[in-house]
> 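This structure is in structure tokens; I'll ask about it shortly.
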Amino acid sequence: MAQVKTMIDQDGQFYNHKKIDGKWQKNWIKDEIYKAVTGSKKEKMYVLSMFPYPSGAGLHVGHPRGYIAADVYARLKRMQGYNVLHPMGYDAFGLPAEQYAIQNHVHPREAVLKNIKTYEKQLEIIGLSYDWSRKINTTDEDYYKWTQWIFLKLYNHYYDHKAGKAKPISELEGQFSHLSQADKDRELMKYRLAYEGFSEVNWCEDLGTVLANDEVIEGKSERGGYPVVKRMMRQWFLRITDYADRLISGLDTVDFDESLKTVQKNWIGKSFGHELSFKLQGEIGEVETIKIFTTRIDTLSGVTFLAISKDHDLITKNVDKFSKIIIQTKSWGTDEKDLKIKRGIILDDIYAVHPDNKSKLPIYVTNYVLSDYGFGAVMGVPDQDERDADFASVYNVPTKETKLEKPESIEKRLGLKKVFKYKIRDAVFARQRYWGEPIPLKHDKDGHITPLSEKELPLKLPKVSSYEPIGSGESPLAGIKSWVKAGYETNTMPGWAGSSWYFLRYMDAHNKTAPVGKKAIDYWKQVDMYIGGREHTTGHLLYSRFWHKFLYDIGLTVTEEPFKALRNQGMILGDDNQKMSKRWGNVVNPDDCINTYGADAFRMYEMFLGPFDSSLPWSTDGIIGTRRFIDRVWRLASVVKIQNEKNKKIQTSEKLVSEINKTIKKVTEDIDGFAFNTAVSSLMILLNNFEDMIQKKENIDQKDFIDFVKLLTPFAPHISDEIWTIFKNKKSINVAPWPKYDESKIVEGTVKIGIQINGKLRGDIEVSADKTENEIIDEAKTIVKNHLEGKVIKKIIYIKGKIVSFVV
RNA sequence: GGGCAAGUGGCGGAAUUGGUAUACGCGCUAGUCUUAGGAACUAGUUCUUCACGGAUUGAGGGUUCGAGUCCCUCCUUGCCCACCA
């Protein structure tokens with residue numbers, strides 16, 4: 001190694017990342033080498049990182065991990081000759097910007113633009129290969145125009161379950177032509193994929209606003225600790241439940257993590273069972289039966305009671321009769337702790353009849369039956385169901401031994417239907433807030449709703465004097481006279497609206513006549529590789545899949561699924577193994593790391609830390625390792641350069657050529673498989689091999705060295721380009737062809753294999769490729785002859801290239 | 001309570017999927033060069049033992065010539081969902 005050092009000293013040069021990083025970042029933009037070309041003859045490859053919500057806090061070292069991985073992948077694909085689309089943008093509607101606006105009395109847009117600026121500066125110095133010409137921002141009018149457009153399409157379509165796809169609502173209008181306008185509106189609303197309805201919200205009287213679930217802690221507002229109650233509120237919903245089956249079946253066609261698929265399937269929660277009506281007897285009113293859903297119809301003989309929720313029709317349609325019960329149930333808490341205690345009230349003078357044995361079954365109003373699943377009623381089988389048993393023991397309901405029966409015979413006897421039920425609920429698509437897309441609908445005085453025409457889009461957010469929700473719990477839009485007078489909807493869209501289709505917009509970011517043009521969607525089709533956090537599994541990812549399927553139905557997209565493959569990154573934790581947060585004071589800023597060690601060392605370290613999908617603690621100490629690596633590559637480059645200038649004919653040793661070919665294979669496969677940490681480590685091993693050769697005064701052909709630099713390029717694009725030019729190459733190494741390996745050169749002359757006796761390692765042996773099995777075994781015997789003395793060999797196992805094992 | 005992961009040196013982790021455990025990096029120890037070094041380089045570094053040797057992948061058991069890897073029981077940690085009938 002002494003030789004290496006001397007040469008460096010003569011040059012007096014160390015790698016100066018501060019100069020070189022910025023130089024190449026500028027060059028790349030100037031030469032537009034990362035620009036994706038729609039319609040190119042090259043094969044397309046759409047690599048996407050989940051776009052960020054630009055918060056005021058900026059990036060910490062955990063955020064870029066996914067971006068860097070996506071970038072490494074995109075750079076590999078580009079070098080492999082693909083036409084790569086790798087864009088970036090911002091998801092900027094939502095609560096934090098609005099809070100900031102309220103506190104600082106500025107327009108939320110100002111906060112958003114300020115934060116985006118910070119983000120962009122931080123992203124820039126990492127050296128990511130984005131095509132910035134396609135940048136989007138969900139709060140731009142040119143963008144949210146199309147979010148509103150999609151909403152209108154949802155409003156104007158229904159789901160035809162026979163055809164298995166969405167169809168125009170106009171097809172249904174004929175059915176209701178005999179009705180009055182108001183009745184017709186009401187009927188159609190039951191079919192629209194975007195529909196108006198009511199749902200319970202967390203209402204805080206003192207704050208005069210609706211709160212999200214995570215803003216409520218133990219029945220009190222997080223801010224101020226004021227009481228929070230449930231209240232019904234007018235909302236908009238999207239009928240995602242109509243797509244439940246396709247959202248499940250589509251999972252079979254995509255390359256996602258199996259555990260993630262399971263989470264989505266469980267979230268959708270499809271279960272198979274039966275519906276059954278129990279006749280009521282006694283002092284019954286309007287309601288004559290209680291309908292239940294069960295997945296265990298085979299346990300019917302064990303039913304000893306019925307349990308219904310406090311919102312069941314039987315109660316709500318007999319308010320006078322059950323007024324006492326209604327008052328009592330109101331005091332039942334809804335917190336986790338309250339729900340652990342089973343509560344119930346028996347209905348007097350009224351009971352259900354068992355369909356088989358005609359026994360009288362008591363009916364209880366309980367807190368453990370959900371009102372919005374099944375029919376808000378269950379048959380109680382204490383003998384079989386733990387929860388029913390739990391309840392029965394508290395209220396002394398008798399238990400009956402269950403004789404399990406074949407579902408088919410019960411179906412036949414009672415004439416039951418098989419049905420499917422889903423856990424997933426229709427998605428609430430309205431927020432009583434200012435900073436979101438206005439919902440493009442008009443309410444007439446008589447209650448009739450008129451959707452805006454496409455020409456009227458975008459419906460722009462009006463200026464308001466205050467961003468606080470108004471005291472009625474409605475959004476600030478309800479406080480604007482002209483807005484209300486015009487009849488515009490005062491709810492805005494939720495934060496996930498803009499993010500449910502943004503990946504389509506990148507394909508054709510400046511299209512004025514459609515969300516995405518025909519030519520662009522036909523070429524790009526779908527995202528080939530999507531990278532982001534696992535926390536979006538049941539939110540963004542499910543909603544995007546839903547929207548995409550709808551857009552497919554109406555002919556806008558050309559694939560059923562938006563994302564062909566998905567990879568999740570693990571979280572970067574603080575060095576105290578806790579989530580990085582200001583609260584714990586363990587936040588590490590990428591800017592400082594990059595400033596000290598350079599973008600390449602930072603990028604490599606992020607990838608080297610550990611497996612991409614596992615959560616790992618950050619330790620800035622370790623980054624010195626990848627920085628040393630960068631320095632050593634730099635020194636090696638100057639040595640190789642001098643060697644090649646001195647000698648015209650240079651041949652790299654066979655052993656090193658073999659190592660290079662091995663590494664080409666390994667790095668290519670590892671990046672494809674998102675095993676970045678082992679890819680980096682194999683680059684380090686190869687560098688060690690190069691240095692060994694230098695130490696042995698062996699020469700290295702610069703062509704072979706450049707192959708190594710190419711392997712390095714996806715991880716460390718700056719130094720790679722700098723070395724590339726030092727060796728008098730033109731353009732950028734980032735668009736140079738990826739090296740290919742030669743399988744025949746990987747095979748080494750000799751292999752060391754282990755010798756085992758009864759499974760214990762007792763020695764090893766150097767074997768050349770031309771030796772036969774018998775020769776190897778005989779040689780092995782002599783090596784371990786001490787261990788074999790006086791023993792009879794019962795069996796010999798030989799695994800080529802791995803092991804010789806003697807059983808004695 | 002349910003589901004899903006995962007337990008390997010002082011630390012982050014690797015192991016061709018049943019075949020030489022601890023690659024690579026950090027840290028640490030010693031040395032070289034240096035006015036100096038918290039720089040760079042060289043050598044060493046799982047534990048135990050002066051050594052020969054022995055032990056070792058959360059614990060215990062099993063299958064196998066051979067187990068970090070497969071099976072069973074238990075323990076621990078992390079994440080997600082939580083009364084979905």
Side-chain angles (χ1 to χ4, degrees), chain A residues 1-2 4-5 8-9 14 257-260 262-263 266-267 269-271 273 292-297 299 307 309 336 339-340 342 366-370 372-381 384-388 390-391 421-425 534-535 537-538 570-571 573 575 577 604-605 608-611 613-626 628-629 631-632 635 666 669 675 677-688 691 695 752-765 793-808:
Chain A
M1 196 45 65
V4 177
K5 204 183 159 219
I8 294 305
D9 286 350
F14 290 87
D257 197 73
E258 281 307 315
S259 72
L260 187 140
T262 310
V263 171
N266 292 344
W267 186 262
K270 185 178 187 174
S271 51
I292 60 102
F293 171 73
T294 180
T295 54
R296 293 295 308 277
I297 193 70
T299 65
S309 78
E336 210 176 305
L339 293 174
K340 279 208 174 104
K342 294 242 181 330
T366 70
N367 69 338
Y368 83 97
V369 174
L370 301 173
D372 53 356
Y373 181 76
F375 300 100
V378 302
M379 60 181 208
V381 189
Q384 294 286 322
D385 187 284
E386 212 178 304
R387 294 155 304 180
D388 295 342
D390 199 14
F391 181 81
K421 287 272 180 274
Y422 302 88
K423 279 199 238 178
I424 195 171
R425 308 287 138 85
R534 206 169 272 113
E535 67 273 20
T537 304
T538 53
M571 210 189 304
L573 307 168
D575 54 6
N577 253 304
M604 285 194 91
Y605 186 57
F608 181 62
L609 215 50
D613 58 357
S614 47
S615 292
L616 301 164
W618 177 266
S619 144
T620 305
D621 294 341
I623 199 171
I624 188 71
T626 48
R628 280 178 195 145
F629 173 84
D631 283 331
R632 283 161 60 200
R635 269 175 239 139
K666 173 88 176 143
E669 287 173 357
N677 56 328
T678 49
V680 172
S681 112
S682 62
L683 287 169
M684 288 171 165
I685 293 168
L686 185 57
L687 175 67
N688 291 344
E691 287 180 343
Q695 199 168 13
K752 206 170 88 178
I753 68 172
I755 305 166
Q756 289 183 342
I757 294 169
N758 288 344
K760 251 194 183 349
L761 189 73
R762 293 298 178 192
D764 51 44
I765 176 173
I793 298 172
K794 289 182 201 152
K795 201 174 165 190
I796 299 168
I797 294 139
Y798 171 69
I799 308 289
K800 201 180 170 209
K802 308 244 155 127
I803 214 136
V804 183
S805 183
F806 299 102
V807 185
V808 294

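We name chains A, B, ... by the order of the sequence lines, and we start the count at 1 in each one.
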> Does B:G9 fall in syn (glycosidic angle within 90° of 0) or anti?
syn
> Whole-Å distance between B:G66 C1' and A:Ile753 CD1?
14 Å
> Between P on B:A23 and CD1 on A:Ile685, what's the gap in Å once rounded to a whole number?
10 Å
> Would you measure the distance from the P atom in B:A36 across to the matching atom in B:G31 and give it in whole Å?
14 Å
> Report the distance from atom OG1 of A:Thr537 to atom CG of A:Asp257, rounding to the nearest 0.5 Å.
9.0 Å
> May I ask you to verify if any side-chain N or O of A:Arg635 is less than 4.0 angstrom from the OP1 or OP2 atom of B:C41?
yes
> Looking at B:A55, B:C81, B:G27, which one has an atom nearest to any side-chain atom of A:Trp267?
B:C81
> Using a 4.0 Å heavy-atom cut-off, does A:Leu370 contact any base of the nucleic acid, only the sugar-phosphate backbone, or nothing at all?
base
> If you check every side-chain atom of A:Lys752, which of B:A15, B:U20, B:G13 has the closest atom?
B:U20
> In whole angstrom, give me the gap between the P atoms of B:U42 and B:A5.
43 Å
> Answer with base, sugar-phosphate or nothing: what part of the nucleic acid does A:Leu609 contact at a heavy-atom distance below 4.0 Å?
sugar-phosphate
> Name the closest nucleotide to the A:Phe608 side chain, picking from B:G19, B:A85, B:C24.
B:C24
> Between B:U20, B:C80, B:A85, which nucleotide gets closest to the side-chain atoms of A:Ile803?
B:U20
> Any idea which heavy atoms bring A:Ser309 and A:Leu370 closest together, and the distance?
CB-C, 4.2 Å
> For the atom pair OH (A:Tyr605) and CZ (A:Phe629), what is the distance rounded to the nearest 0.5 Å?
15.5 Å
> Answer yes or no for A:Lys342 and A:Phe391: cation-pi contact, defined as NZ/CZ to six-membered ring centre under 6.0 Å and angle to ring axis within 45°.
no
> What is the distance, rounded to the nearest whole Å, between atom OH of A:Tyr422 and atom P of B:A85?
13 Å
> Which atom pair, heavy atoms only, marks the closest approach of A:Ile753 to A:Gly801?
CG2-C, 3.4 Å
> Check whether any side-chain nitrogen or oxygen of A:Arg628 sits under 4.0 Å from OP1 or OP2 of B:A40, and answer yes or no.
yes
> Counting side-chain heavy atoms from CB outward, which of B:C80, B:G19, B:A85 is closest to A:Ser805?
B:G19
> Please determine, for B:G9, whether a Watson-Crick or G-U wobble partner exists with both distances under 3.5 Å, and give it or none.
none
> How would you label the contact of A:Asn758 with the nucleic acid (heavy atoms, under 4.0 Å): base, sugar-phosphate, or nothing?
sugar-phosphate
> Please report the distance separating the P of B:G62 from the corresponding atom of B:U29, rounded so that it comes out in whole Å.
44 Å
> When rounded to the nearest Å, what value does the distance between P atoms of B:C79 and B:G13 take?
15 Å
> Just how far is it from atom OG1 of A:Thr626 to atom CG of A:Asp631, taken to the nearest 0.5 Å?
10.0 Å
> Rounded to the Å, how far apart are A:Ile799 CD1 and B:G66 C1'?
10 Å
> Using OP1 and OP2 only, check whether a side-chain N or O of A:Tyr605 sits under 4.0 Å from B:G25.
no
> Taking B:U56 as the reference, what is the distance to B:A67 when you measure between their C1' atoms (whole Å, please)?
14 Å
> Can you tell me the distance, in whole Å, between the CD1 atom of A:Ile797 and the P atom of B:G18?
16 Å
> Using Watson-Crick or G-U wobble geometry with both distances under 3.5 Å, which nucleotide pairs with B:U22?
none
> Could you tell me whether the side chain of A:Glu386 has a donor or acceptor atom within less than 3.5 Å of a complementary atom in the base of B:G1?
no
> Identify which nucleotide among B:G27, B:A85, B:C24 has an atom closest to any side-chain atom of A:Asn688, counting heavy atoms from C-beta outward.
B:C24
> Do A:Ser259 and B:C4 have a side chain to base donor-acceptor pair shorter than 3.5 Å?
no
> Starting at CG of A:Leu260 and ending at P of B:C79, how long is that distance when rounded to a whole Å?
18 Å
> Does A:Lys760 have a side-chain nitrogen or oxygen under 4.0 Å from the phosphate oxygens OP1 or OP2 of B:A55?
yes
> Name the closest nucleotide to the A:Asp621 side chain, picking from B:G12, B:U20, B:C26.
B:C26
> Mind checking who B:G66 pairs with, Watson-Crick or G-U wobble, both distances under 3.5 Å?
none
> Does OP1 or OP2 of B:C80 have a side-chain N or O of A:Asn266 closer than 4.0 Å?
no
> Measure across A:Thr538 and A:Val263 and return the closest heavy-atom pair with its distance rounded to 0.1 Å.
CG2-CG1, 3.8 Å
> Nearest heavy atom decides the nucleotide; on that basis, is A:Ala377 or A:Pro617 closer to the 5' end of RNA chain B?
A:Pro617
> If you take all heavy atoms of A:Phe806 and A:Ile755, which pair is closest and at what distance?
CE1-CG2, 3.7 Å
> Which nucleotide, if any, forms a Watson-Crick or G-U wobble pair with B:C81, using both distances under 3.5 Å?
B:G1
> Can you tell me how far P in B:C28 sits from the matching atom in B:A39, rounded to whole Å?
9 Å
> Counting Watson-Crick and G-U wobble pairs only, both distances under 3.5 Å, name the nucleotide matched with B:G27, or none.
B:U45
> Considering all heavy atoms of both residues, which atom of A:Met379 and which atom of A:Asp388 are nearest to each other, and what is their separation?
O-OD2, 3.5 Å
> Considering heavy-atom distances to RNA chain B, does A:Asp764 or A:Val369 have its closest nucleotide positioned more toward the 5' end?
A:Asp764
> To the nearest Å, how far apart are A:Phe629 CZ and B:C41 P?
13 Å
> Answer with base, sugar-phosphate or nothing: what part of the nucleic acid does A:Arg425 contact at a heavy-atom distance below 4.0 Å?
base
> To the nearest angstrom, how far is A:Lys342 atom NZ from B:A85 atom C1'?
11 Å
> Looking for any heavy atom pair under 4.0 Å, which part of the strands does A:Ile624 touch: base, sugar-phosphate only, or nothing?
sugar-phosphate
> State whether A:Ser271 places a side-chain N or O below 4.0 Å from either non-bridging phosphate oxygen (OP1 or OP2) of B:A85.
yes
> Take atom P in B:U77 and the same atom in B:U32, then report the distance between them in whole Å.
49 Å
> Taking the C1' atom of each, how far is B:U69 from B:U17, in whole Å?
7 Å
> If the glycosidic angle is within 90 degrees of 0 it's syn, otherwise anti, so just tell me which one B:U69 is.
anti
> Counting the atoms with a prime plus P, OP1 and OP2 as sugar-phosphate, which does A:Asp390 contact under 4.0 Å by heavy atoms, base, sugar-phosphate, or nothing?
nothing
